[in-house]
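Step one of this worksheet: look at the structure below.
We name chains A, B, ... by the order of the sequence lines, and we start the count at 1 in each one.
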Protein chains: 2
Amino acid sequence: MRLHREDVLAGALGLLDQEGLEGLTMRRLAASLGVGPSALYWHYRDKQALLEAIAEEIMSGVADVDAALPPRERTAELARRLRLALLARRDGARVLSGTYVRLPNTLRFGEVAVLALAATGVPEAETALAFFAVQDYVLGHVIEEQSREHQLATTDRTPTPDAATTGDYPAIGTAIRHWAERTPDDRFEYGLRLLLDGLDRRTGA
Amino acid sequence: MRLHREDVLAGALGLLDQEGLEGLTMRRLAASLGVGPSALYWHYRDKQALLEAIAEEIMSGVADVDAALPPRERTAELARRLRLALLARRDGARVLSGTYVRLPNTLRFGEVAVLALAATGVPEAETALAFFAVQDYVLGHVIEEQSREHQLATTDRTPTPDAATTGDYPAIGTAIRHWAERTPDDRFEYGLRLLLDGLDRRTGA
DNA sequence: ACCTGAACACCGTTCAAGT
DNA sequence: ACCTGAACACCGTTCAAGT
């Protein structure tokens, strides 16, 4: 019953979902696999290499968007699929933002997204700028989204308007109340729409 | 020569800039202040509380934007000031994204930004959505920006087109080459402009 | 090829005790 | 009010040695 690289990765993904990024330690992972900590280092050079494998796993299938969709909708769909992939694993956005992955799933996502943007009419010299603008928004948004999940789990402080915001900061108070009435999907779509509308302006649409 | 809360915070900021977020440990901070590790716990409940104080410090002055600027430019200026504040400290974006701060500097930034957005003509029910869209973009962008700094410092892999991208992923290859010719400021401004142009559409401008 | 065992150099946090 | 000293329960990683 020897371990393979994939067993270690599968165990790491399970531990990540159960315990979160802080709980994903080499020692706990080893224990859950029934081996000593040092055994893991035969399969992965160090913890960073394991995290990069997790990041690449998170990105699997994200680029598989319907190629028949019109360019703008295809770009939107890629952004949505990225968000859902990050949300599918606990602390997924933080894992991805902390790694510098140059593996097939990640590269293919970039390739497909750049092609979709080019098809919308964005000048070739701007496709990477547009790609990173959208990707940075998605990453930032999901990091905050998953960070709020964590707050709710560990503290009793509610992110809805509290004493501090209603008193001295009236604009925040009413703004947050409207925000609280929207679904997480709505909140994401709002920023995504801003970016896509901004892109329209650059394509003469 | 007893320590005060501010001495601990100042020491933490210095250590953060020198060693980065990984190097900012309670034990190293204590050593740099000439006390034992347990002494810190008299001043801050735990490490998380200290990180929240750092985050609030990072946000100091960010809201001090020229109130006479026209609303769109005021909103842009707030986003730029946030980015610069995050860049001013090593790993600043990761520190801020990991904390849930409800302290004056942070709240005032939200208040001023929501008011600027309202002044552009964004409907009141959407001001928080628009605020978070811009803030999430800035956070995501600077996290990636500072993460690249870290890659350059620790590895010799260059983020410019390498063997993998030029071969199987041609669109990425050429896109990244154009991207590499822009300054960091340009790259940030591109996404910011997309968001602001998208907002124009929602204000009938 | 794959893992054990032991060790090294660290962590954050608590708590009684000191001044 | 502010800190020491000692302890507890952890970390990631290395490396010789085993099978």
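Between the CG atom of A:L24 and the P atom of D:dC10 there is a distance of 16 Å, rounded to whole Å. We find that CG of B:L29 is positioned 16 Å from C1' of C:dC10, with the value rounded to whole Å. D:dA1 atom P lies 11 Å from atom CZ of B:R2, rounded to whole Å. Between B:H4 atom NE2 and D:dC2 atom P the separation is 6 Å, expressed in whole Å. Rounded to a whole Å, the CG atom of B:L3 is 19 Å from the P atom of C:dT19. Here the P atom of nucleotide D:dT13 and the OH atom of A:Y44 are 14 Å apart, to the nearest Å. Rounded to an integer number of Å, the gap from A:L33 CG to C:dC3 C1' is 13 Å. Between the P atom of D:dC11 and the CD atom of A:E19 lies a distance of 10 Å, rounded to the nearest Å.
Under the 6.0 Å cut-off for aromatic ring centres, A:Y137 and A:F188 qualify, their centroids lying closer than that.
Take A:F132 and apply the ring pair (Phe, Tyr, Trp, His ring centres under 6.0 Å) test, not counting sequence neighbours, and it matches B:W179.
Spacing between D:dA9 and C:dA9 at atom P, rounded to whole Å, works out to 23 Å.
Note on B:H43: a side-chain N or O is less than 4.0 Å away from OP1 or OP2 of D:dC3.
A side chain to side chain contact (heavy atoms under 4.5 Å, CB included) with A:L129 holds for exactly one of B:E189, B:R182, B:H178; it is B:R182.
Using a 3.5 Å distance cut-off with no hydrogens or angles, the side chains of B:E56 and B:T106 do pair a donor with an acceptor.
Note on B:R94 versus B:E22: salt bridge recorded, some NZ/NE/NH1/NH2 to OD/OE distance being below 4.0 Å.
Nearest heavy atom pair, residue B:L107 against residue A:I172, reads O-CD1, 3.2 Å.
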Bracket notation of DNA chain D in which parentheses pair within the strand, [ ] cross earlier pairs, and | pairs with another strand (Watson-Crick or G-U, under 3.5 Å): ||.|||||...|||||.||
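Side-chain proximity of A:K47 to C:dG12, D:dT13, C:dC2: nearest is D:dT13.
Nucleic acid contact class of A:R28 (heavy atoms, under 4.0 Å, all strands): sugar-phosphate only.
With hydrogens and angles ignored, a donor-acceptor pair closer than 3.5 Å exists between the side chain of B:S38 and the base of D:dG5.
Within a 6.0 Å radius of CZ in A:R193, other residues, nucleotides and ligands contribute 12 heavy atoms or fewer.
Checking A:R27 against A:A39, the closest nucleotide of DNA chain C that is more toward the 5' end is the one next to A:A39.
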